[in-house]
Amino acid sequence: RRLAERHDPRVADQLADDGAAIFQAKCQDCHTLSMAQALLAPKPAADRPAHLNRFLQTHPARINDAERATVIEFLSRDGR
């Protein structure tokens with residue numbers, strides 16, 4: 001997504017909704033949201049996207065690249 005779109009609060013809210021929906025549909029069979037958040041909590045917010053990207057490269061998640069990016073953005077947000 002373009003940088004300007006990512007800073008638009010409406011787009012950020014839509015991405016969060018999309019990320020939450022993808023997480024619920026494709027990740028929550030094995031991982032609760034609170035578990036994912038607890039694992040990320042000790043990491044600085046700026047480091048979370050890179051950490052998740054590395055994790056998901058070796059994780060057998062059933063998500064495509066676009067879904068992965070949306071879930072990473074959702075889980076990396078502050079104030080979850």
Side-chain angles (χ1 to χ4, degrees):
R1 296 190 188 269
R2 290 186 341 215
L3 186 59
E5 290 176 341
R6 291 176 63 176
H7 292 287
D8 182 330
R10 295 166 300 184
V11 172
D13 288 345
Q14 183 60 48
L15 285 173
D17 291 345
D18 293 348
I22 294 166
F23 186 90
Q24 184 175 14
K26 298 195 173 188
C27 304
Q28 272 193 323
D29 284 347
C30 300
H31 311 289
T32 65
L33 180 57
S34 60
M35 181 174 64
Q37 290 171 331
L39 291 170
L40 290 170
K43 308 234 178 281
D47 295 343
R48 291 175 190 158
H51 173 77
L52 285 164
N53 192 43
R54 280 190 307 275
F55 172 77
L56 289 173
Q57 285 178 2
T58 61
H59 191 286
R62 300 168 304 188
I63 57 177
N64 64 36
D65 290 343
E67 291 169 330
R68 180 179 295 117
T70 302
V71 167
I72 287 172
E73 189 155 340
F74 164 66
L75 290 174
S76 297
R77 289 181 69 171
D78 277 334
R80 289 164 280 157

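Heavy-atom basis, side chains included; hydrogens, waters and symmetry copies ignored. This one's a predicted model, so the numbers in the text were calculated from it and none came from an experiment.
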Problem set entry | Same apolar cluster (I L V M F W Y, side chains within < 4.5 Å links), Leu56/Leu75 | yes

For this session: Might you confirm whether atom CD of Gln24 has over 12 heavy atoms from other residues, nucleotides or ligands at distances under 6.0 Å?
Result: no

Exercise. Closest heavy-atom contact between Ala66 and Asn64?
Worked result: N-OD1, 3.0 Å

For this session: Starting at CZ of Arg62, measure out to CD1 of Ile22 and round the result to the nearest 0.5 Å.
Result: 13.0 Å

Exercise. Between CZ of Arg54 and NE2 of His59, what distance do you get to the nearest 0.5 Å?
Worked result: 15.5 Å

Seminar exercise, completed: Between Leu33 and Phe74 the two heavy atoms that sit nearest each other are CD1-CE2, 3.8 Å

Exercise. Between Arg48 and Ala41, which heavy-atom pair has the shortest distance, and what is it?
Worked result: NH2-O, 3.5 Å

For this session: Anything under 30° is parallel, anything over 60° is perpendicular, the rest tilted; go ahead and classify His31 against Phe55.
Result: perpendicular

Problem set entry | Ile72 side chain near His51 side chain, heavy-atom distance below 4.5 Å | no

Exercise. Considering all heavy atoms of both residues, which atom of Arg68 and which atom of Ile63 are nearest to each other, and what is their separation?
Worked result: CA-CD1, 3.5 Å

Exercise. Can you name the nearest heavy-atom pair linking Leu52 to Ser76, along with the distance?
Worked result: CD1-OG, 3.6 Å

For this session: Report yes or no: do Phe23 and Leu40 belong to one cluster of Ile/Leu/Val/Met/Phe/Trp/Tyr joined by side chain heavy-atom distances under 4.5 Å?
Result: yes

